[in-house]
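First up is the structure itself, then whatever we jot down about it.
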Amino acid sequence: LHLDFEKALRLLSEHFPISKPDSRKPVLFHVLRVGVRLYEEGYSHDVVLGGLLHDALEWSDITEECLREEFGDSVTNIVVANTKDRAIEDSTERIQDLARRCVECGQDALIVEAADTIDSFRHYTKTQNHDEIQYGVRKAAAILKYKPKEWSDPIFEELKRWHNQYST
């Protein structure tokens with residue numbers, strides 16, 4: 001895992017655009033926090049790499065083919081499931097679609113989406129970005145709505161606490 005984590009981090013650093021000073025959330029730092037959190041909490045190789053790479057297709061010029069070649073189908077499928085479909089213009093429908101695709105991919109993909117959303121909650125509460133906190137509430141609601149009842153992981157309980165704390 002350590003070498004793959006480093007390989008993924010090098011790929012991201014080579015292909016992610018430099019964050020602008022006024023960006024809502026520096027993306028490279030965000031994906032690093034998500035990947036490290038999943039690693040420190042003992043998640044599987046694929047979940048950790050999926051967490052680290054979850055924004056690669058959305059925010060960089062890294063291709064799906066590149067991810068498959070470098071990290072395999074399982075990791076790539078998690079990343080694809082965690083990539084917003086920008087062709088869906090309605091924000092609420094885009095969030096619902098993302099949550100449904102993560103569920104279709106499997107529990108590992110939904111764990112990554114939960115970790116992503118929790119990290120965003122943490123960042124946006126520190127920066128007091130209330131619009132993004134409410135966006136997180138909507139993402140958390142969709143994740144919790146579509147998550148099969150039998151999928152039990154502490155990260156979903158943590159996401160529920162964040163959701164409940166900021167729901168209005």
Side-chain angles (χ1 to χ4, degrees), residues 1 4-5 8 12 24-25 27 29-59 64 67-68 71-168:
L1 174 60
D4 283 342
F5 193 97
L12 291 171
R24 291 174 304 154
K25 178 175 60 179
V27 179
F29 193 40
H30 162 69
V31 297
L32 182 58
R33 287 191 310 262
V34 172
V36 168
R37 180 216 172 128
L38 293 168
Y39 170 78
E40 288 179 340
E41 292 184 10
Y43 284 96
S44 72
H45 175 274
D46 293 350
V47 170
V48 171
L49 291 179
L52 181 60
L53 294 163
H54 78 273
D55 278 338
L57 298 176
E58 193 170 336
W59 295 107
E64 184 176 334
L67 291 179
R68 283 198 196 283
F71 303 102
D73 289 338
S74 181
V75 170
T76 303
N77 292 343
I78 291 170
V79 174
V80 169
N82 276 272
T83 301
K84 292 180 193 86
D85 183 350
R86 296 288 181 183
I88 301 172
E89 292 183 23
D90 180 72
S91 174
T92 300
E93 181 51 38
R94 190 168 45 239
I95 290 168
Q96 301 284 322
D97 172 72
L98 181 67
R100 285 190 300 262
R101 287 187 295 106
C102 284
V103 169
E104 288 170 12
C105 183
Q107 183 171 339
D108 287 353
L110 200 63
I111 286 170
V112 169
E113 184 59 26
D116 171 35
T117 304
I118 291 167
D119 184 75
S120 293
F121 268 125
R122 288 180 174 158
H123 177 77
Y124 292 126
T125 55
K126 286 179 185 172
T127 60
Q128 300 180 11
N129 187 327
H130 302 291
D131 290 340
E132 292 297 333
I133 292 169
Q134 288 310 302
Y135 179 77
V137 167
R138 294 183 5 238
K139 278 184 69 180
I143 293 166
L144 297 169
K145 173 183 175 181
Y146 291 108
K147 179 189 79 64
K149 290 183 183 3
E150 65 271 15
W151 289 3
S152 176
D153 189 278
I155 204 161
F156 298 130
E157 293 305 313
E158 181 182 350
L159 182 66
K160 187 184 295 185
R161 288 191 300 275
W162 280 99
H163 175 265
N164 292 344
Q165 181 177 350
Y166 289 101
S167 292
T168 53

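Here the structure is a predicted model, which means the values were calculated and not measured. Below, each value reflects all heavy atoms present in this structure, side chains not excepted, and no hydrogens, waters or symmetry copies.
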Checking Gln107 side chain against Lys147 main chain: does a donor-acceptor pair fall under 3.5 Å?
no

Could you verify whether a donor N or O on one side chain and an acceptor N or O on the other, from Asn77 and Arg101, lie under 3.5 Å apart?
no

For side-chain contact (heavy atoms from CB on, under 4.5 Å), just list the numbers for Asp131 and Tyr124, CA-CA rounded to whole Å, side-chain angles, deciding distance to a tenth of an Å, and then say yes or no.
CA-CA 9 Å; Asp131 290 340; Tyr124 292 126; over 6 Å; no

Would you say OH of Tyr39 has more than 12 non-hydrogen atoms from neighbouring residues, nucleotides or ligands within 6.0 angstrom?
no

Using 0.5 Å steps for rounding, measure from the NE2 atom of His123 to the CD atom of Glu132.
9.0 Å

Working note: Leu57 + Val80, criterion side-chain contact (heavy atoms from CB on, under 4.5 Å); need CA distance, chi angles, decisive distance, verdict.
CA-CA 7 Å; Leu57 298 176; Val80 169; 3.8 Å; yes

Got a salt bridge between Asp85 and Arg94, using NZ or NE/NH1/NH2 to carboxylate O under 4.0 Å?
no

Candidate pair Val31 and Trp59, rule side-chain contact (heavy atoms from CB on, under 4.5 Å), full reasoning
CA-CA 11 Å; Val31 297; Trp59 295 107; over 6 Å; no

The criterion is side chain to side chain contact (heavy atoms under 4.5 Å, CB included); which residues satisfy it with Ser74, sequence neighbours excluded?
Asp46

Set of residues satisfying side chain to side chain contact (heavy atoms under 4.5 Å, CB included) with respect to Glu157, sequence neighbours excluded:
Lys160, Arg161

Can you tell me how far apart OG (Ser167) and CD (Gln165) are? Round to the nearest 0.5 Å.
10.0 Å

Can you give me the closest heavy-atom contact between Tyr135 and Lys84, atom names plus distance?
OH-CE, 3.0 Å

pair His130-Ile133: side-chain heavy atoms closer than 4.5 Å:
yes

Closest non-hydrogen atoms of Phe121 and Ala140, given as atom of the first, atom of the second and distance, are CE1-CB, 4.1 Å

Considering all heavy atoms of both residues, which atom of Ala99 and which atom of Tyr146 are nearest to each other, and what is their separation?
CB-CD1, 3.8 Å

Closest non-hydrogen atom pair, Leu38 against Ile155
CD2-CD1, 4.3 Å

Let me confirm one number: the CG-CG distance from Leu52 to Leu12, rounded to the nearest 0.5 Å.
5.0 Å

d(Ile78 CD1, Asp108 CG) to nearest 0.5 Å is 5.0 Å

Euclidean distance, Arg122 CZ relative to Thr127 OG1, rounded to 0.5 Å:
14.0 Å

Which pairs of donor and acceptor atoms, one on a side chain in residues 112-119, lie under 3.5 Å apart (sequence neighbours left out)?
residue: Glu113; atom: OE2; partner: Lys139; partner atom: NZ; Å: 2.8
residue: Asp116; atom: OD1; partner: His30; partner atom: NE2; Å: 2.7
residue: Asp116; atom: OD1; partner: His54; partner atom: NE2; Å: 3.2
residue: Asp116; atom: OD2; partner: Lys139; partner atom: NZ; Å: 3.1
residue: Thr117; atom: OG1; partner: Glu113; partner atom: O; Å: 2.9
residue: Asp119; atom: OD1; partner: Arg33; partner atom: NE; Å: 2.7
residue: Asp119; atom: OD2; partner: His30; partner atom: ND1; Å: 2.6
residue: Asp119; atom: OD2; partner: Arg33; partner atom: NE; Å: 3.3
residue: Asp119; atom: OD2; partner: Arg33; partner atom: NH2; Å: 2.7

Measuring only between side-chain heavy atoms, which start at C-beta, is Ser91 closer than 4.5 Å to Arg138?
yes

Verdict with supporting geometry, Trp162 and Val137, side-chain contact (heavy atoms from CB on, under 4.5 Å)
CA-CA 8 Å; Trp162 280 99; Val137 167; over 6 Å; no

Look up atom CG in Leu49 and atom CG in Asp4, then write down how far apart they are to the nearest 0.5 Å.
5.5 Å

Contact summary for Ala81 and Leu98, nearest pair of heavy atoms:
O-CD1, 2.9 Å

What one should report as the nearest heavy-atom pair of Val48 and Gly35 is CG1-O, 3.7 Å

